[in-house]
Amino acid sequence: MNATVHGIQLGFLRGVIELRNSLRTWDEWGNNIFVALAFAVVLYFQRDTILDEATVALATVALPSMLGTMVVLGGVSGTASILAFEREDGTLLRAKAVPHGMVGYLISKIMHSAGLMVVTITVVLVAGLILVPEILSTSTVGWLMAAGILILGLLATLPWGAVIGSLVKSPQMAFGLSALPVGGLAAISGIFYPITALAGWVQAIAQAFPVYWLGHGMRAALVPEAEAAEIGGSWRYVEMLGVLGAWTIVGLLLAPPILRRMARRESGSAVEERRHAAMQRYS
Amino acid sequence: MTAATAPAPAAETPDGGAVIDVRGLRMRYGTMDVITGVNFSVHRGEVIALLGPNGAGKTTTIEILEGFRIRSAGDVRVLGTEPATGDERWRARLGIVLQSWRDHARWRVRDLLDHLGRYYAPFATPGRPRPIETDKLIAMVGLTEHANRRISTLSGGQRRRLDVAIGIVGRPDVLFLDEPTAGLDPHARHDFHDLLHRLSDFDDTTILFTTHDLNEAEKMADRILILADGRIVADGSAEQLARRVSGQAEVRWSQDGEFLVHSTDDATAFVRELFAEHGDEIGDLEVRRTSLEDTYMALVHRLETGQSGGDVVPFKRTA
C-alpha cells in the first residue's frame with residue numbers, strides 16, 4: 001500500500017519534470033503562440049460586429065467560447081495524441097517495466113495535460129484581453145466560476161482522450177479521431193458566431209457534446225450580460241452540469257478498463273512493430 | 001571440467017531452487033505455434049545466452065518471462081512467481097533492458113535515471129539496497145560526461161548504455177536483455193561485457209540475454225540455450241555443445257613446406273602419432289576445437305534439412 005502511495009507521489013514529481021521539460025522547448029511555446037495568434041486574428045475581425053440580440057461585441061462573446069473549446073481540444077486531442085505517441089515510442093513500456101510505474105505515468109499525464117492547458121489558456125487569454133479589454137471587468141465570482149468550469153471540462157474530456165489514445169494504432173490516427181471531431185463540433189457549437197443562427201437539428205447535435213456547454217459556461221462566467229444571444233435567451237446551468245457530468249461519469253467508467261487492457265498488451269515486440277510501421281510512414 | 005560443477009540438469013518436476021523455471025511452455029498465435037514445448041531452468045547467478053534463428057521464439061520466450069505476454073500453456077516461474085500474475089513487489093526484483101528508440105527525448109540523462117530509480121526505493125532490503133545511486137550508476141555505464149545532456153542528443157551507442165542503466169537501476173535479482181549489443185561498436189560492446197560480468201559477480205544477478213553474436217554468447221554465458229523450431233534444441237556450455245554436435249577438432253600443421261589440415265575426434269592421439277612418425281619435420285602446429293559458430297551452424301542446418309527429424313533432444317549434462 002505504501003509503495004502505491006509512493007508511486008502516486010512519484011507521478012506528481014514526474015508531472016512537474018515533464019511540464020518543466022515541455023516549457024523548456026521551443027516547439028511547445030511556438031505551438032502556444034501560434035494558437036494564440038490564430039485566435040487573436042479571429043477576434044480582431046470580430047471586434048466591430050455587434051450581436052443583434054445583445055449589446056455586446058461578437059469578439060467579447062467569442063473569447064470565452066474559444067477558451068472552452070481549447071479545454072476540449074487539449075483534453076481530448078492533446079491527451080490522445082500524447083498517449084498514442086508515447087505508446088509508439090516505448091515511454092509507456094518503460095513505465096510498465098518499473099514497479100508502480102503505470103500509476104506514476106497516469107498521474108503525471110493528468111498533471112502534464114492540465115498544466116499545459118493552463119499555460120495555453122493563459123497565453124490565449126492574455127492575447128485576447130488586449131483585443132477585448134471588456135472581459136477585464138469580470139467579477140471575482142465570474143473568474144472563480146470560469147476556473148470551476150475549466151476543471152469540470154478537464155474531467156469531462158481527459159478520460160475520453162485516454163480512451164482514444166488507447167484504442168488507436170498510431171499518433172496520426174489519434175489526431176484524426178480527436179482533433180477533427182472536436183473541430184467539427186466547434187464549427188456547430190456557437191464558438192465563432194451565435195448557435196441560434198444554425199438549423200434546429202444542428203443545434204440539437206451540438207448540445208449533446210461538451211464543446212457547446214463549455215463555451216456556454218465560459219460565456220455565462222465571463223460575459224453574463226450577453227444571455228440574450230443564447231438558446232432560450234438565458235443561461236442554462238443545470239443542463240450544462242448535466243451534460244458535462246454525464247460525459248465525465250461515462251468517461252471515468254470507460255477509461256480505466258480500456259487503459260488497463262491497453263497497458264497489458266504493451267511489450268517490446270509491440271513497440272518494435274510500431275517502430276517499423278512508423279519508419280515506413282516517415283520514409 | 002566445468003560440467004562437474006554446473007547446475008543439475010532440467011528435471012521433469014518443477015525445480016524449487018531455480019530463479020527461472022520453464023516447463024512445457026507453449027505459445028500459439030491464432031493457428032500458428034511459435035513455441036511448441038520449451039523446458040529449462042536457470043539458477044541464481046547464472047548467465048544464460050538464448051540463441052536461435054529469427055522467428056524461433058526468443059523474444060516471445062523472454063517476454064513471457066518478463067510478464068509482458070501471456071503464454072498459451074505450460075508452467076513458468078520467475079523468482080518463484082508466475083509472471084502473468086506477478087505483483088509490483090515481484091516486478092521490483094526484475095530488470096528489463098529494452099531497445100529504445102526516441103522515448104523520453106526531452107529528459108536529461110540524470111533526471112530520468114534518478115526518477116526511475118525512486119520507484120524501487122520501497123523495495124530495498126538490507127542485503128540489496130535499491131536503487132543504485134544515480135551518479136554511481138551513470139559512472140558504471142560510462143555516461144558521466146553526458147549526465148546533463150538531453151536524451152535526444154545522445155548517440156546510438158550512448159542510448160544503449162542508458163537502456164542498460166535503466167534496466168539495472170533497481171539492482172535486479174534477474175536481468176533480461178533482448179539483443180543488448182545490437183548496434184554497439186566493438187569498444188562499447190567490450191565495456192558492456194565487463195558490466196555484465198560485474199553484475200553477475202558482485203550482485204549475484206541472474207542474467208538471461210538473447211543475441212545473434214555467437215562469440216558474445218561463448219564469451220559471456222555460463223550456459224547456452226539454442227531455440228529453434230519452437231523448442232530448445234541444445235542446452236549446455238559452448239564447450240559441451242561443440243563436443244556433442246561434431247566432436248571434432250581441426251589440426252593444422254606444416255611439413256616439407258606444405259600446409260596440411262586434418263579433422264579428428266581425438267586431436268591428442270592424432271598429434272602424438274604425428275610427432276612419433278615425423279618428429280622434427282612438423283611445424284606451425286595448431287589445434288582448433290569446433291567453434292560455437294560451427295556447432296550452431298551444424299545444428300541449425302540439421303534442423304532445417306530435417307535430418308534429425310523430431311528427435312533432437314536437449315543435451316543431457318554429464319557430471
Side-chain angles (χ1 to χ4, degrees), chain A residues 1-28 85-105 108 112 171 263-279 282, chain B residues 29 34 57-64 66-70 84 86-108 110-112 114-124 130-131 150-152 162-163 166-167 169-170 172 176-179 210:
Chain A
M1 214 51 225
N2 261 344
T4 314
V5 174
H6 186 72
I8 293 170
Q9 286 169 347
L10 288 177
F12 283 108
L13 179 66
R14 187 184 169 102
V16 171
I17 297 171
E18 296 213 310
L19 206 52
R20 197 184 64 202
N21 288 343
S22 287
L23 298 180
R24 266 184 192 158
T25 52
W26 282 108
D27 326 355
E28 200 65 55
F85 193 77
E86 297 197 338
R87 278 171 64 210
E88 183 178 85
D89 73 14
T91 305
L92 199 92
L93 183 62
R94 288 224 188 272
K96 193 183 168 184
V98 166
H100 296 295
M102 285 307 285
V103 175
Y105 177 82
S108 79
H112 189 218
R264 202 170 50 234
R265 293 178 166 199
E266 287 300 307
S267 68
S269 43
V271 171
E272 193 58 29
E273 253 169 54
R274 278 182 225 128
R275 171 181 172 163
H276 279 299
M279 290 303 191
Y282 297 145
Chain B
Y29 296 112
V34 178
K58 299 189 297 291
T59 298
T60 302
T61 302
I62 224 165
E63 287 186 348
I64 289 169
E66 292 165 347
F68 285 174
R69 201 170 273 277
I70 311 294
D87 61 3
E88 303 296 309
R89 186 169 296 278
W90 172 77
R91 167 118 356 250
R93 299 177 65 195
L94 301 192
I96 298 173
V97 174
L98 296 164
Q99 295 269 12
S100 67
W101 173 20
R102 55 172 192 206
D103 62 284
H104 293 95
R106 287 174 174 179
W107 287 62
R108 283 163 207 273
R110 181 183 281 111
D111 287 349
L112 183 62
D114 180 71
H115 178 73
L116 292 177
R118 285 169 190 255
Y119 288 87
Y120 293 91
F123 303 99
R130 293 187 160 108
R150 271 174 53 174
I151 291 171
S152 56
L162 177 63
D163 292 337
I166 292 171
V169 65
F176 295 110
L177 310 98
D178 199 0
E179 293 187 31
T210 67

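In the text below, chain A, chain B and the rest are named by the order of the sequence lines, each starting its count at 1.
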### Message
Any carboxylate oxygen within less than 4.0 angstrom of a Lys/Arg side-chain nitrogen, looking at A/Lys96 and B/Glu66?
### Response
no

### Message
Looking at chain A, which one of B/His104, B/Arg69, B/Arg150 has the largest number of heavy-atom pairs inside 4.5 Å, strictly under?
### Response
B/His104

### Message
Nearest 0.5 angstrom please: B/Leu116 CG to A/Leu10 CG, how far?
### Response
9.5 Å

### Query
Pick from A/Glu272, A/Arg265, A/Glu18: which one has the most heavy-atom pairs with chain B under 4.5 Å?
A/Glu18

### Task
Tell me, out of A/Arg20, A/Gln9, A/Arg94, who's got the most heavy-atom pairs with chain B below 4.5 Å.
A/Arg94

#### Entry: Region of B/Arg93 in contact with chain A, defined by heavy-atom distances below 4.5 Å
neither

### Message
Counting only non-hydrogen atoms closer than 4.5 Å, does B/Ile166 touch chain A with its backbone (N, CA, C, O), its side chain (CB onward), both, or neither?
### Response
side chain

### Query
Under a 4.5 Å heavy-atom cut-off, does chain B meet the side chain of A/Ile17, its backbone, both or neither?
side chain

### Task
Would you mind reporting whether A/Leu93 and B/Phe68 have side-chain heavy atoms less than 4.5 Å apart?
yes

### Query
Who are the ring pair (Phe, Tyr, Trp, His ring centres under 6.0 Å) partners of B/Trp90, not counting sequence neighbours?
none

### Message
Given heavy-atom pairs under 4.5 angstrom as the criterion, report whether the side chain, backbone, both or neither of B/Arg106 touches chain A.
### Response
both

### Task
Name the option with the most non-hydrogen atom pairs under 4.5 Å to chain B; the candidates are A/Leu13, A/Leu92, A/Asn21.
A/Asn21

### Task
Please check if any side-chain donor atom of A/Thr91 sits under 3.5 Å from a side-chain acceptor atom of A/Asp89, or the reverse.
yes

Listing, residues 98-105 of chain A side-chain donor-acceptor contacts under 3.5 Å, not counting sequence neighbours, or none:
| unit_1 | atom_1 | unit_2 | atom_2 | d |
| --- | --- | --- | --- | --- |
| A/Tyr105 | OH | A/Glu86 | OE1 | 2.7 |

